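Below is one structure, written out as structure tokens, with a few remarks after it.
These figures come from a predicted structure and were not determined experimentally.
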Amino acid sequence: MEHNEYHNPVLLTETVDGLNIKPDGVYVDVTFGGGGHSKEIMRRLGPNGKLFAFDQDTDALANALDDERFQLINENFRFIKRFLRLYNIKEVDGILADLGVSSHQFDVAERGFSTRFDADLDMRMNQNGNLSAYEVVNDYDETELSRLFFDYGELKNARGLAAAIVTARKTEPIKNSEQLKKVLSRFLPAHKSNKILAQIYQAIRIEVNQEMDVLKEFLEQSLALLKPGGRLSIISYHSLEDRLVKRFMKNGMFEGEPERDFFGRFDVPFKTIGKLVVPTDEEIEQNNRARSAKLRIAEKK
């Protein structure tokens, strides 16, 4: 596979523009994938600049850039602070994140991310992870399944979906996507089946990869890592991610309100840069994955 086929970067120019690259700065791309965003950052860096990239998926290692200014770290970006410390990096000028599943992960049938293929229930972004979609579907109790379908899939019939799975697996384990679709068929009317299936898959995938916890941990560490004037440039693909990112950029918290300073003003760590950025119709036409992308940019005060 050619590296440029691995993943077509979304909002490429806008996301890297958002970092306001300094030629001698230190930057981090926490979702390396096919390296599209990283290549654009590298193009703008001078000889003394440095880029660190993270990707927990071993498939992404084949795309590593051959440049002494670049370092790819094969780890989950929830550990960003710990692994940057190994390279004596305590603060950075900018951090980029393109959240969600890469095109490559969707397109490799056996990874189990896509509703298009009949594949084993997997959905692990880290292929060495212990928890897969199989364990979630077959081992979680009805209350746990109902919770994740409601919270992560935003599905109104979460209880019904959970009950159908628990009943069906008493006869035999649910091993693959075709079995899962069959078990849930009565909840999948023809005119809405793809949308509902996508929500079900999203819920299971978020649970398998602990995506909400990972995002929170990453955002909190990003605040600590960024220099004053450093930028955070983040693309999200569903409302759960975007809500967290928006709220954190607005006031540095996920819930509650920030404290007021002596003058009664909210003491917040970021200022947002520009407005929400979404792809053009032309980009969506060229890259269907871009259709739900939302880019937010913030600068540390």
Side-chain angles (χ1 to χ4, degrees), residues 7-55 60 63-65 67-73 75 77-78 80-81 83-84 87 89-100 102 214-215 217-237 241-242 244-250 252 268-280 283 287 289-290 293-301:
H7 174 70
N8 192 6
V10 174
L11 292 167
L12 176 62
T13 304
E14 297 89 339
T15 309
V16 180
D17 281 351
L19 292 174
N20 195 25
I21 300 284
K22 299 173 184 172
D24 60 349
V26 178
Y27 294 88
V28 190
D29 176 357
V30 299
T31 48
F32 178 69
H37 289 110
S38 282
K39 286 173 189 169
E40 183 60 24
I41 294 171
M42 293 294 290
R43 196 178 67 77
R44 303 186 192 193
L45 283 179
N48 297 318
K50 185 73 179 174
L51 174 64
F52 292 88
F54 283 75
D55 205 304
N63 304 317
L65 309 180
D67 192 307
E68 61 184 13
R69 301 169 298 164
F70 175 79
Q71 180 65 52
L72 179 57
I73 300 168
E75 291 288 346
F77 61 76
R78 76 191 307 172
I80 180 173
K81 209 171 173 183
F83 281 93
L84 288 180
Y87 294 90
I89 301 295
K90 294 177 181 174
E91 55 181 13
V92 301
D93 295 283
I95 302 171
L96 180 151
D98 180 3
L99 303 172
S102 75
V214 168
L215 180 54
E217 290 173 30
F218 157 68
L219 288 169
E220 287 171 339
Q221 291 175 75
S222 294
L223 176 56
L225 281 166
L226 283 169
K227 297 176 183 177
R231 294 280 187 92
L232 197 53
S233 189
I234 300 181
I235 305 170
S236 58
Y237 292 88
E241 289 174 338
D242 186 54
L244 280 182
V245 172
K246 180 182 179 182
R247 188 163 180 77
F248 193 77
M249 286 182 171
K250 183 181 178 184
V268 296
F270 290 110
K271 66 174 181 180
T272 54
I273 302 296
K275 296 181 179 179
L276 175 71
V277 181
V278 296
T280 61
E283 179 171 2
N287 182 8
R289 182 176 180 262
K294 292 180 178 178
L295 168 64
R296 296 185 187 274
I297 302 158
E299 181 176 293
K300 185 175 176 180
K301 291 181 177 178

Going by heavy atoms in the side chains, are Lys81 and Leu225 under 4.5 Å from each other?
yes
Less than 6.0 angstrom from the centroid, inside 45 degrees of the normal: does Arg296 satisfy that with respect to the ring of Phe248?
no
As an exercise, state the distance from CG of Asn20 to CZ of Arg44, rounded to the nearest 0.5 Å.
9.5 Å
Test item: Asp93 side-chain N/O and Val26 main-chain N/O as donor-acceptor pair under 3.5 Å
yes
Checking side chain to side chain contact (heavy atoms under 4.5 Å, CB included) against Glu40, which of Asp17, Val16, Asp29 comes through?
Val16
What verdict does the side chain to side chain contact (heavy atoms under 4.5 Å, CB included) test give for Phe77 and Gln221, after you've listed the backbone C-alpha separation in whole Å, the side-chain angles of each residue and the deciding distance to 0.1 Å?
CA-CA 10 Å; Phe77 61 76; Gln221 291 175 75; over 6 Å; no
Apply the side chain to side chain contact (heavy atoms under 4.5 Å, CB included) test between Met249 and each candidate in Ile273, Val268, Leu232; give the one that qualifies.
Leu232
Any donor-acceptor pair under 3.5 Å linking the side chain of Lys300 with the backbone of Leu223?
yes
Would you please test Asp55 and Asn63 for side chain to side chain contact (heavy atoms under 4.5 Å, CB included) and show each step?
CA-CA 11 Å; Asp55 205 304; Asn63 304 317; over 6 Å; no
Are more than 12 heavy atoms, taken from residues, nucleotides or ligands other than Lys301, located less than 6.0 Å from that residue's NZ atom?
yes
Is it true that a side-chain atom of Arg231 and a backbone atom of Gly18 form a donor plus acceptor pair closer than 3.5 Å?
yes
When you measure from the side chain of Glu241 to the backbone of Ser236, do you find a donor-acceptor pair of N or O atoms at a distance under 3.5 Å?
no
Does the side chain of Val10 reach to within under 4.5 Å of the side chain of Leu295, using non-hydrogen atoms?
no
Please answer whether the main-chain N or O of Leu99 pairs with a side-chain N or O of Thr31 as donor and acceptor at a distance below 3.5 Å.
no
Take Leu96 and Val30 through the test side chain to side chain contact (heavy atoms under 4.5 Å, CB included) and record every step on the way to the result.
CA-CA 6 Å; Leu96 180 151; Val30 299; over 6 Å; no
Closest contact, heavy atoms only, Ala293 versus Ile235
CB-CG2, 3.8 Å
When rounded to the nearest 0.5 Å, the distance separating CZ of Phe218 from CD1 of Ile234 is 4.5 Å
Distance in Å, Glu217 CD paired with Ile80 CD1, rounded so as to fall on 0.5 Å steps:
12.0 Å
Nearest heavy-atom approach of Gly36 to Pro9 is CA-CG, 3.8 Å
Write down the atom of Leu72, the atom of Ala64, and the distance for their closest heavy-atom approach.
CD2-CB, 3.9 Å
Between Phe70 and Phe32, is the gap from one ring center to the other below 6.0 Å?
yes
Answer whether the closest heavy-atom distance between the side chains of Gln71 and Leu51 falls below 4.5 Å.
no
Test your reading of the model: is there a side-chain donor-acceptor pair from Tyr27 to the backbone of Lys22, 3.5 Å cut-off?
yes
Inter-residue atom distance Glu220.CD - Leu215.CG, 0.5 Å rounding
10.0 Å
Should we say atom NZ of Lys227 is surrounded by more than 12 heavy atoms from elsewhere, each under 6.0 Å from it?
yes
Could you go step by step and tell me if Asp98 and Tyr237 meet the side chain to side chain contact (heavy atoms under 4.5 Å, CB included) rule?
CA-CA 9 Å; Asp98 180 3; Tyr237 292 88; 2.5 Å; yes
Closest approach of Ser38 and Ala53, non-hydrogen atoms and distance?
OG-CB, 4.1 Å
Asp242 versus Lys294, closest heavy-atom pair with distance:
OD2-CD, 3.7 Å
Closest approach of Arg69 and Gly46, non-hydrogen atoms and distance?
NH1-O, 3.2 Å
